[in-house]
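These values consider heavy atoms only, across backbone and side chains, with no hydrogens, waters or symmetry-generated copies.
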Amino acid sequence: MDTLEEIVQQSYDTHQKNSFKVLIHLYKGHYIKLLLSAVFYTIKHIPAWVMPIAIANVINAATIKDGGGIRTIYINAIIMVILVLQNILTNYYHTKYNSIAIRSVIRTTRFSYQKIAGIIHSLS
């Protein structure tokens, strides 16, 4: 297995002219965590997409004269409570997977740069 500094050096040597590719290469091995983070981020934002529909349903139910309006209001309220509760759980997993990937890359680059700085310091 490559040492941490070899990973950083190989990434830079291979993609020297494109910094985005260097960044993507540094995340090698963490793509699944980043994908899971993106999926949980998308699920986490579902309440923001459903809220306008639920509010419109509540307004429509409040303006209708028949007796089914209160039932519609309750159903929409229950749906929104469920979506807000799932938001808490998916936010946790989004943050968890994102943090794991980012911290690993930061640890890799920090170790590599500290070693390089030590070598430069010893040469001066």
Side-chain angles (χ1 to χ4, degrees):
M1 183 174 175
D2 293 336
T3 64
L4 297 176
E5 64 207 54
E6 288 173 350
I7 292 170
V8 174
Q9 188 63 44
Q10 178 188 10
S11 175
Y12 183 73
D13 290 343
T14 306
H15 309 289
Q16 189 172 7
K17 297 188 188 292
N18 190 337
S19 58
F20 182 72
K21 286 184 179 180
V22 171
L23 180 66
I24 295 299
H25 190 263
L26 288 174
Y27 278 97
K28 187 176 182 180
H30 300 286
Y31 298 140
I32 297 297
K33 291 177 188 82
L34 291 174
L35 178 66
L36 285 171
S37 175
V39 167
F40 283 118
Y41 181 81
T42 303
I43 295 169
K44 173 177 107 70
H45 280 76
I46 288 175
W49 304 330
V50 174
M51 178 107 43
I53 297 168
I55 291 172
N57 286 341
V58 169
I59 291 170
N60 289 339
T63 58
I64 293 175
K65 300 285 185 193
D66 67 2
I70 196 75
R71 182 174 180 265
T72 303
I73 292 172
Y74 282 136
I75 290 172
N76 282 284
I78 290 169
I79 289 171
M80 288 311 298
V81 167
I82 290 170
L83 288 174
V84 168
L85 290 176
Q86 72 81 25
N87 181 282
I88 295 168
L89 185 64
T90 54
N91 183 51
Y92 169 77
Y93 283 110
H94 156 65
T95 305
K96 176 184 174 182
Y97 288 120
N98 196 28
S99 295
I100 289 171
I102 290 173
R103 286 179 185 166
S104 179
V105 171
I106 288 173
R107 182 177 47 245
T108 301
T109 54
R110 183 179 297 144
F111 176 78
S112 178
Y113 291 129
Q114 285 175 347
K115 190 163 186 173
I116 291 169
I119 291 170
I120 291 172
H121 181 70
S122 67
L123 293 174
S124 58

- Message: I'd like to check the side chain to side chain contact (heavy atoms under 4.5 Å, CB included) partners of Ile64; sequence neighbours left out, ordered by chain and number.
- Response: Asp66
- In chain order, what residues pass the side chain to side chain contact (heavy atoms under 4.5 Å, CB included) check against Leu89, with sequence neighbours excluded? Tyr93
- Can you name the closest pair of heavy atoms from Pro47 and Val84 and give their distance? CG-N, 4.4 Å
- Note on the structure: Separation between CG (Leu85) and CE (Met80), nearest 0.5 Å, reads 10.5 Å
- About how many Å separate OG1 of Thr42 and CH2 of Trp49, when rounded to the nearest 0.5 Å? 5.5 Å
- Transitively linked via ILVMFWY side-chain contacts under 4.5 Å: Val58 with Ile79? no
- Message: Test of understanding: with side chain to side chain contact (heavy atoms under 4.5 Å, CB included), list the residues that count as partners of Ser99, not counting sequence neighbours.
- Response: Thr95, Arg103
- His94 side chain to Ser37 backbone, donor-acceptor under 3.5 Å: yes
- Closest heavy-atom contact between Ile46 and Gln86? CB-NE2, 4.4 Å
- Task: Give a yes or no on whether Tyr27 atom OH has more than 12 heavy-atom contacts from other residues, nucleotides or ligands under 6.0 Å away.
- Result: yes
- Task: Supply the atom-to-atom distance His45 NE2 to Asn91 CG, rounded to the nearest 0.5 angstrom.
- Result: 8.5 Å
- Is there side-chain contact between Tyr97 and Ile102, with at least one heavy-atom pair below 4.5 Å? no
- Message: Show the nearest heavy-atom pair for residues Ala61 and Gly69, with the distance to one decimal.
- Response: CB-O, 3.4 Å
- Task: Would you confirm whether Ser104, through its side chain, and Ile100, through its main-chain N or O, come within 3.5 Å as a donor-acceptor pair?
- Result: no
- Message: With a 6.0 Å cut-off (strictly less than), is the heavy-atom count around OH of Tyr31, excluding the residue itself, greater than 12?
- Response: yes
- Query: Is there a chain of hydrophobic side chains (I, L, V, M, F, W, Y, each step under 4.5 Å between heavy atoms) that links Ile78 to Ile53?
  - Reply: no
- Message: Applying a strict under-4.5 Å side-chain criterion to I, L, V, M, F, W and Y, I'd like to know whether Phe40 and Ile88 cluster together.
- Response: no
- Message: Test of understanding: clusters of I, L, V, M, F, W, Y form through side-chain heavy atoms closer than 4.5 Å, transitively. Do Ile55 and Leu83 belong to the same one?
- Response: yes
- Is there a donor-acceptor pair under 3.5 Å between the side chain of Asn76 and the backbone N or O of Thr72? yes
- Consider only side-chain heavy atoms of I, L, V, M, F, W and Y, link residues closer than 4.5 Å, and tell whether Ile75 and Ile82 are in one cluster. no
